[in-house]
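Since the structure comes first, as structure tokens, the remarks are kept for the end.
Proteins come first, then strands; the chains are lettered A, B, ... in the order of their sequence lines, and each starts at number 1.
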Amino acid sequence: MPPLPRSFYDRDTIVVARELLGKHLVHVTPTGARRGRIVEVEAYLGPHDLAAHSSKGLTDRTRIMFEPPGYAYVYLIYGMHHCMNVVTEPAGCGAAVLLRALEPLPPLAARTNGPGLLCSAMGIDRRLNGHDLLSPDFFIIDPGMEEKFKIVRRPRIGVAYAKHWAKRLLRFYIKDNPHVSQP
DNA sequence: AGGATGATATCC
DNA sequence: GATATCATCCTC
């Protein structure tokens with residue numbers, strides 16, 4: 001099963017966010033491959049989106065968001081947790097999708113119902129910032145046959161500082177999935 | 001409700 | 001160089 005092609009990520013961020021639901025994130029580590037089914041995401045639309053890190057402009061931290069799509073943007077938050085995003089849309093757009101929750105796939109059993117928890121469980125940290133998701137050790141696949149699911153839209157979590165952008169319905173999750181962070 | 005804990009942006 | 005803030009999680 002090949003990784004999703006770069007053209008998958010090179011599209012409207014909301015479309016990519018919704019279509020990432022149900023896909024499988026794979027990280028090959030020294031202890032084996034860890035896999036999780038993506039069940040919750042948030043879209044960050046670009047520099048005009050006051051909740052997006054790219055609204056700070058092009059800095060060392062946000063540089064990866066302005067690079068071509070299909071790369072990982074991983075950062076440390078609150079001094080102890082990591083968050084993982086996938087860069088979307090053409091280079092220069094500064095858009096990305098935050099992965100907020102996974103459904104752990106065997107043999108992975110750790111909790112993955114939150115952006116920090118999923119990074120911990122999957123062995124994702126800052127060393128993977130800028131990593132190409134079209135690579136053999138860290139990628140996302142379409143698992144093929146999936147039961148259909150409904151998508152719930154909600155405001156994003158933890159972005160109250162973003163004025164009217166905090167109200168936008170840019171968080172998406174699989175309805176009734178028990179691994180969502182905040183149903 | 002509050003604390004852990006460090007990188008980052010934004011001031012002086 | 002100092003400080004306020006943070007796309008979180010856990011315990012109380």
Separation of Leu99(A) atom CG from dT8(C) atom P, in whole Å?
13 Å
Measure from CD1 on Ile77(A) to C1' on dA4(B) and round the result to the nearest Å.
13 Å
Starting the side chain at C-beta, find the nucleotide from dC10(C), dT8(C), dA7(C) nearest to Leu98(A).
dA7(C)
Have a look at Gly116(A) and say if it touches a base, only the backbone sugar-phosphate, or nothing, with a 4.0 Å heavy-atom cut-off.
sugar-phosphate
Considering only heavy atoms, which members of residues 82-91 of chain A lie under 4.0 Å from some atom of DNA chain C?
Cys83(A), Asn85(A)
Drop me the distance from Met65(A)'s CE to Ser55(A)'s OG, to the nearest 0.5 angstrom.
8.5 Å
If I take atom CE in residue Met65(A) and atom P in nucleotide dA7(C), what distance separates them, rounded to the nearest angstrom?
11 Å
Considering only heavy side-chain atoms of Tyr44(A), the closest of dC10(C), dA7(C), dT5(B) is dA7(C)
Contacting residues from residues 170-183 of chain A, given that a heavy atom lies under 4.0 angstrom of DNA chain C:
none
Please report the C-alpha distance between Leu4(A) and Tyr9(A) in whole Å, then the side-chain angles of each, then the deciding distance to 0.1 Å, and finally whether the side chain to side chain contact (heavy atoms under 4.5 Å, CB included) criterion is met.
CA-CA 8 Å; Leu4(A) 293 175; Tyr9(A) 303 101; 3.9 Å; yes
4.5 Å side-chain heavy-atom contact, Leu50(A) and Tyr161(A):
no
Please tell me if the side chains of Pro143(A) and Lys23(A) come closer than 4.5 Å, counting only heavy atoms from C-beta onward.
yes
Could you check how far CG of Asn129(A) sits from P of dA7(C), rounded to whole Å?
15 Å
Would you give a per-nucleotide map of nucleotides 7-12 of chain B, 5' to 3', where B means the base has a protein non-hydrogen atom under 4.0 Å away, S means only the sugar-phosphate does, and - means neither?
-SSS--
Could you check whether any side-chain heavy atom of Pro3(A) comes within less than 4.5 Å of a side-chain heavy atom of Phe8(A), counting everything from C-beta outward?
no
Heavy atoms, side chains only, cut-off 4.5 Å: are Val26(A) and Arg35(A) in contact?
yes
Below 3.5 Å, does any donor atom in the side chain of Tyr78(A) face an acceptor in the base of dA4(B), or the other way round?
no
Whole-Å gap separating P (dC6(C)) and CD1 (Ile157(A)):
15 Å
Glu42(A) has an atom CD; how far is it from atom C1' of dT8(C), in whole Å?
12 Å
Determine whether Phe172(A) and Leu20(A) make a side-chain contact, defined as any pair of heavy atoms from C-beta on separated by less than 4.5 Å.
no
pair Leu58(A)-Arg63(A): side-chain heavy atoms closer than 4.5 Å:
yes
Under the side chain to side chain contact (heavy atoms under 4.5 Å, CB included) test, which residues partner Ile64(A), sequence neighbours left out?
Glu67(A), Tyr71(A), Tyr73(A), Val87(A), Asn129(A)
Please tabulate, for side-chain N and O atoms in residues 95-115 of chain A, each donor-acceptor pair with protein atoms closer than 3.5 Å (sequence neighbours left out).
residue   : atom : partner   : partner atom : Å
Arg100(A) : NE   : Glu40(A)  : OE2          : 2.9
Arg100(A) : NH2  : Ser181(A) : OG           : 3.3
Glu103(A) : OE1  : Arg37(A)  : NH1          : 2.9
Glu103(A) : OE1  : Asn177(A) : ND2          : 3.1
Arg111(A) : NE   : Asn113(A) : OD1          : 3.3
Thr112(A) : OG1  : Leu102(A) : O            : 2.7

Under 4.0 Å between a side-chain N/O of Arg156(A) and OP1 or OP2 of dT8(C), yes or no?
no
Atom pair distance, as rounded to whole Å: CG in Leu50(A) and C1' in dA7(C):
14 Å
Value rounded to 0.5 Å, distance of CG in Asp12(A) from OG1 in Thr88(A):
8.0 Å
How long is the straight-line distance from CZ of Arg154(A) back to CD of Glu42(A), given to the nearest 0.5 Å?
13.0 Å
Student check: side-chain heavy atoms of Gln182(A) and Tyr173(A) closer than 4.5 Å:
no
In what stems does DNA chain C take part, counting only runs of at least 3 consecutive Watson-Crick or G-U pairs whose two distances fall under 3.5 Å?
B:1-4 with C:8-11, B:6-11 with C:1-6
Is there a side-chain contact between Asp49(A) and Arg168(A) (heavy atoms, below 4.5 Å)?
no
What integer distance in Å separates Leu118(A):CG from dT8(C):P?
11 Å
